[in-house]
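Shown next, in structure tokens, is the structure this report addresses.
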Amino acid sequence: MKKELIDKAKKVLNANYKEEGFTIPCEGLYPFQWNWDSGFIAIGFAHYDMDKAKKEVETLLDAQWGNGFIPHIIFHNDSDTYFPGPDFHKSDLHPLATKKYKTTGITQPPVLGFVFKELYRIAKDKEDILNFIKTEIDKVFENHKYFYENRDPNNEGLVYIFHNWESGTDNSPIWDSVWETMEKDTPNYKFERRDTSHVDASQRPTNREYEYYLHIIEIAKENNYDDAKIAELSPFLIQDPLFNSMLIKSNEALIDLYGIIGNNEDKIETLEYWQKKSISNFNKKLFDDELGAYIHYDLRNNKPIRMITSSSFTPLFSNIPNKNQASVLVDTIISKFGGEDKYLCASFDPEHEKFNPKKYWRGPVWINLNWLLYYGLKNYGFTDIAERVKSDTVELISKCGFNEYFDPRKETYKEESVGYGGNNFSWTAALLIDLLKN
Ligand code: DGY
């Protein structure tokens with residue numbers, strides 16, 4: 001059964017791999033290269049085809065801009081199955097954008113640092129992978145430098161995102177209060193959605209939400225994607241616990257890898273400086289004692305967004321909480337997300353009125369978040385609950401296939417076992433391979 005599942009997962013990945021050296025997340029729905037998808041996909045490939053794993057990250061890094069920025073989508077090819085495409089994003093408005101590829105002008109959670117560490121962990125030939133990492137690692141360092149120098153206006157060690165697509169958790173209820181502030185100024189744009197021709201509209205963001213998404217990018221474009229202008233003008237400016245956890249875990253990985261490579265004391269010193277400030281302010285600013293979870297902070301409107309999502313637990317993956325905070329997080333996971341009637345881990349608080357178990361990031365289980373949670377819980381010694389996250393993950397995929405997301409309510413599978421969103425989704429396959437191989 002385990003071997004059969006791994007074989008199926010490999011088939012999904014191999015079918016989504018493109019000869020240009022990258023893997024699409026999902027046929028039709030996401031027909032280009034996506035930033036953090038590529039990172040997770042490389043971890044899956046590393047278990048059986050290290051050349052493809054290397055190629056995946058190498059291709060992504062080849063699209064890095066002159067200022068260290070790494071885009072969220074690389075449009076290697078034309079496709080009319082996705083909106084909004086390169087003609088909308090117009091990333092070439094930025095003077096340092098790559099000339100080699102069309103890309104977006106927004107980014108995604110910075111996973112590459114820890115992905116390199118994972119490739120190193122998984123590789124049998126350590127010398128070969130280290131040689132590869134040596135050629136690429138400075139690009140990731142430059143990317144972190146970009147974040148700390150351009151996305152941290154108050155010098156807190158906590159970087160902001162200026163778009164919900166940068167968070168990866170596109171339509172989370174977390175953003176609803178921001179949309180309210182944008183309601184008056186957001187026009188009705190004329191556009192044709194493509195996602196809802198692949199996936200039932202009830203599982204995707206609404207049209208009005210898409211207008212907010214487009215409007216933020218219009219503002220960024222009017223300012224040629226200039227970071228200082230965006231910090232001043234964007235209605236969406238959020239310190240996101242998931243995004244910052246990924247950056248912090250990647251800092252830690254870069255420190256370790258530079259240590260193994262040697263002769264990089266200055267970079268290690270810089271990384272340690274960022275890391276100390278980031279972790280300390282993360283705990284001061286984003287831990288909500290009363291909710292028992294980490295939360296998002298709205299930097300534009302100067303207020304915390306006090307809701308619990310699966311992002312709230314990702315600091316476990318990045319060694320951010322102290323032992324006491326880690327136990328509080330586990331209590332919250334068990335009491336709110338982990339009832340007998342549910343699969344771990346819903347992407348939004350199942351007890352909240354905005355919980356929607358079918359709609360994208362407003363409730364469904366996502367495999368990349370489960371993967372982060374599994375290693376985070378294991379990391380702090382919460383082995384039983386970690387194992388439950390793993391077995392729930394395997395059970396959902398065995399029942400439904402390699403979907404993009406899954407209903408957390410067990411009762412929905414009594415009649416029929418179906419997952420939601422795209423099918424044959426690459427990171428679902430890639431991370432299942434990693435979980436089963438460990
Ligand atoms: C989409 O189009 O829904 C993507 O998630 C954006 O990155």
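Atoms within a ligand are numbered from 1 in the order they appear, just like the ligands themselves. Scope of the values below: all heavy atoms of this structure, side chains included, with no hydrogens, waters or symmetry mates. These figures come from a predicted structure and were not determined experimentally.
We find the CG-CG distance between Leu13 and Asn424 to be 10.0 Å, quoted to the nearest 0.5 Å.
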Anything under 3.5 Å between a donor and an acceptor, one on a side chain of residues 86-98, the other on a protein residue two or more places apart or in another chain? List them.
residue, atom, partner, partner atom, Å
His89, NE2, Pro84, O, 3.4
Lys90, NZ, Asp87, O, 2.8
Ser91, OG, Thr103, N, 3.4
Ser91, OG, Thr103, O, 2.9
Ser91, OG, Thr103, OG1, 3.2
His94, ND1, Leu96, N, 2.9
Thr98, OG1, Lys100, N, 3.0

Working for side chain to side chain donor-acceptor pair (under 3.5 Å), residues Tyr294 and Thr314: CA-CA 9 Å; Tyr294 289 93; Thr314 52; over 6 Å; no
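With sequence neighbours excluded, the residues that form a side-chain hydrogen bond (donor to acceptor under 3.5 Å, both in side chains) with Tyr374 are Lys378. Applying the side-chain hydrogen bond (donor to acceptor under 3.5 Å, both in side chains) test to His296 and every residue at least two apart in sequence or in another chain returns nothing.
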In a simple table, one pair per line, please give the protein and ligand 1 atom names for every N or O pair closer than 3.5 Å, along with the distance.
residue, atom, partner, partner atom, Å
ligand 1, 2 (O), Tyr82, OH, 2.6
ligand 1, 3 (O), Asp170, OD2, 3.3
ligand 1, 3 (O), Arg204, NH2, 2.8
ligand 1, 3 (O), Tyr360, OH, 2.7
ligand 1, 5 (O), Asp170, OD2, 2.6
ligand 1, 5 (O), Tyr360, OH, 3.1
ligand 1, 7 (O), Trp34, NE1, 3.0
ligand 1, 7 (O), His72, NE2, 2.8

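Checked by atom type and distance alone, the side chain of Lys359 pairs as donor or acceptor with a backbone atom of Arg204 at under 3.5 Å.
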